[in-house]
Amino acid sequence: MPCINTDNLLYVKTYSLHDKEVIKIEPNVGYFSKENFKGDFFYIQFTNADSFSMFAVDTLVPTDVLERIRTKKVFLVLDNGLEHFYECADAIYRDVVVKHNIPAEQIIFLSAVPTMCNHVKKLAKKLQLPEIKVDWFSCFEATGQDAARHNIIALPKKKKYNKKFLNLNRRWRLHRPLLITLLKSRNLLDSGYISFAPSDDNETWDNVYHKLQHIHSNNKIIKKILDNNKDIQKLPPMYLDTEDLVTNRAEHETTIADYYVETYFSIVNETTYYENTPFLSEKIFKTIAMGHPFILATAPNSLQYLKELGYKTYAPFINESYDSIEDPGNRMLAILDEVKRLCSIPETILRKQWLPGVRQIAKYNRDILVSKEYTNLVKTMNY
């Protein structure tokens, strides 16, 4: 095995000043993804850009190993596959490369952001340093695999659907309350199964509504919708299988499976949207695992990254032109239009044309997901 700290794998958790620790972990997806790497490496998983300022790398890596990294005999693998932060690359240069005299080319950065390589290229040029090595690490496909292997297949069937779509939400990232408000404006809330209620970010309609009005003040259509639907702030909490929307549910739970069976498409509200950072989390891969067609509400031009991973999307059965719209307000309006259209498909067309067509794609995607090996979850980007 090329990993030289198999018995001492580290996870640096620094989500806040009050939530920071270094723990030992069992071999995980990131570790297994580098099994075919030709070279020795020291592996560390970390959470965000503060990790190596709160815990210096020379307190994490033994002195003799650090020397071997500096003399280019060992690589340092830094795994941030669970998050979507561009600034982690900046922090690696600042807190590891420069501060501790680590050759940039000896660092392998496992990032869940498919465009991280472009950011690193610009950063290295600005700093006049070599590029750190970047892997696009699609670790959440492993979560999808687990969901696929332990749940019934919810491939669309020729049946009567009382509800049309599934929309799962936990934290109140701003595009999520925006979508809920837009759905209300088209009388679509009752057309789907929706979870949306207080979570651990302690956001409320009072807080987010003013933010949405400010963000979209120049979008006449959304501004009008927000002005005319202020009563959304009295919307009661919406729960499905659980009233606990505080616990992170990255792992798939069987209690939600029936909601996939009883609907024929998902609106997947991804982690990122306004940030323009492409990031494919467990949300989309659990949807693929359940054999569900989807609209993906996230950063623009993200469907191409699913295709790069080997999956098919749902055009022409779903109008995916929304994905190429750069403006976040107009993109969400296009998503709303497509949700309305899908909810209004005549039953005869739904049964005879739409459902058989999407079923083939859903099965293909699920087969791709289940068949992937851990070592295929990593794509080298610049070396």
Side-chain angles (χ1 to χ4, degrees), residues 1-15 17 19-83 85-113 116-117 119-121 123-124 126-137 139 142 374-375 377-383:
M1 292 289 295
C3 182
I4 65 174
N5 64 317
T6 304
D7 297 328
N8 189 34
L9 299 178
L10 303 178
Y11 182 29
V12 183
K13 296 176 63 178
T14 55
Y15 284 116
L17 290 173
D19 180 19
K20 60 177 183 176
E21 60 179 336
V22 178
I23 60 175
K24 292 184 179 180
I25 56 176
E26 297 295 323
N28 57 12
V29 179
Y31 165 83
F32 288 124
S33 72
K34 300 303 293 180
E35 281 186 320
N36 291 343
F37 181 71
K38 300 186 185 309
D40 293 339
F41 64 84
F42 190 96
Y43 174 90
I44 301 175
Q45 186 177 356
F46 71 104
T47 56
N48 58 8
D50 291 330
S51 293
F52 300 111
S53 60
M54 291 187 182
F55 295 96
V57 72
D58 60 358
T59 67
L60 303 170
V61 183
T63 303
D64 61 320
V65 176
L66 268 180
E67 186 57 29
R68 292 171 67 191
I69 294 171
R70 291 188 179 110
T71 56
K72 300 185 179 182
K73 296 175 182 177
V74 170
F75 291 89
L76 179 61
V77 172
L78 302 178
D79 176 2
N80 190 233
L82 298 177
E83 298 295 351
F85 307 122
Y86 275 125
E87 58 265 31
C88 283
D90 302 65
I92 289 173
Y93 273 99
R94 180 186 66 243
D95 296 326
V96 180
V97 174
V98 175
K99 188 177 293 185
H100 293 279
N101 192 30
I102 302 294
E105 59 271 32
Q106 290 304 113
I107 294 174
I108 301 173
F109 180 24
L110 303 187
S111 170
V113 181
M116 183 62 75
C117 186
H119 180 72
V120 165
K121 187 179 293 293
L123 186 59
K126 176 183 176 182
L127 297 173
Q128 297 184 322
L129 289 169
E131 294 180 27
I132 58 176
K133 292 176 168 59
V134 179
D135 287 348
W136 174 19
F137 179 28
C139 71
Y374 282 162
T375 52
L377 304 184
V378 164
K379 181 179 180 181
T380 60
M381 303 300 289
N382 62 349
Y383 66 102

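Note that these values count all heavy atoms, side chains included, but never hydrogens, waters or copies made by symmetry. Note that this is a predicted model, so its numbers are computed, not measured.
- Within the 4.5 Å cutoff, the side chain of L66 has no heavy atoms near those of the H100 side chain.
- In this structure, D64 CG and I69 CD1 are separated by 9.5 Å, a value rounded to the nearest 0.5 Å.
- Distance check: Y31 OH to C3 SG gives 5.5 Å after rounding to the nearest 0.5 Å.
- A search for side-chain contact (heavy atoms from CB on, under 4.5 Å) contacts involving L127 returns Y93, L123, L129, not counting sequence neighbours.
- Residue pairs meeting the salt bridge (Lys or Arg N to Asp or Glu O under 4.0 Å) criterion with at least one member in residues 19-30, sequence neighbours excluded: K13-E21.
- Inter-residue side-chain proximity for L110 and K34 is flagged as met; some heavy-atom pair is nearer than 4.5 Å.
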Expected list for residues 73-81: side-chain donor-acceptor pairs under 3.5 angstrom, two or more places apart:
| from | atom 1 | to | atom 2 | distance (Å) |
| --- | --- | --- | --- | --- |
| D79 | OD1 | G81 | N | 2.8 |
| D79 | OD2 | Y43 | OH | 2.5 |
| N80 | ND2 | F46 | O | 3.0 |
| N80 | ND2 | T47 | O | 3.0 |

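- Listed by chain and residue number, nothing satisfies the side-chain hydrogen bond (donor to acceptor under 3.5 Å, both in side chains) test with N8 (two or more places apart in sequence, or in another chain).
- Smallest separation of non-hydrogen atoms from G39 and P2: O-CB, 2.7 Å.
- The side-chain heavy atoms of I108 and Y383, taken from C-beta on, include a pair separated by under 4.5 Å.
- The distance from the CD1 atom of I132 to the CD1 atom of I92 is 4.5 Å, given to the nearest 0.5 Å.
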### Task
Carefully, step by step, assess F32 and L377 under the rule side-chain contact (heavy atoms from CB on, under 4.5 Å).
CA-CA 10 Å; F32 288 124; L377 304 184; over 6 Å; no
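- Nearest approach of A49 to D95, heavy atoms of both residues: O-OD2, 4.1 Å.
- Between K121 and N382, every side-chain heavy-atom pair lies at or beyond the 4.5 Å cut-off.
- For residues 43-58, no pair satisfies salt bridge (Lys or Arg N to Asp or Glu O under 4.0 Å), with sequence neighbours left out.
- Residues meeting the ring pair (Phe, Tyr, Trp, His ring centres under 6.0 Å) test with F42, sequence neighbours left out: none.
- Closest non-hydrogen pair, F41 versus N5, comes out as O-OD1, 4.1 Å.
- When side chains are defined from C-beta on, C139 counts as touching L82, because their heavy atoms get closer than 4.5 Å.
- Listed here is the closest heavy atom pair of C117 and V134: N-CG1, 4.1 Å.
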### Task
Walk me through it: do M381 and D135 pass the test side-chain contact (heavy atoms from CB on, under 4.5 Å)?
CA-CA 6 Å; M381 303 300 289; D135 287 348; 5.8 Å; no
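- How far CD1 of I44 is from CG of L60: 5.0 Å, rounded to the nearest 0.5 Å.
- Every residue two or more places apart in sequence or in another chain that forms a side-chain contact (heavy atoms from CB on, under 4.5 Å) with N36 is listed here: T375.
- Every residue two or more places apart in sequence or in another chain that forms a side-chain hydrogen bond (donor to acceptor under 3.5 Å, both in side chains) with Y15 is listed here: E83.
- Not counting sequence neighbours, Y11 has no partner by the side-chain hydrogen bond (donor to acceptor under 3.5 Å, both in side chains) test.
- One finds the CZ atom of R68 at 5.0 Å from the CD1 atom of I4 (value rounded to the nearest 0.5 Å).
- Looking at residues two or more places apart in sequence or on another chain, you find a side-chain contact (heavy atoms from CB on, under 4.5 Å) between S111 and F109, V113, M116.
- At distances below 3.5 Å, not a single donor-acceptor pair connects side-chain atoms of T59 with backbone N or O atoms of F55.
- When the side-chain contact (heavy atoms from CB on, under 4.5 Å) test is applied to E105, the partners found at least two apart in sequence or on another chain are K72, P103, P130, K133.
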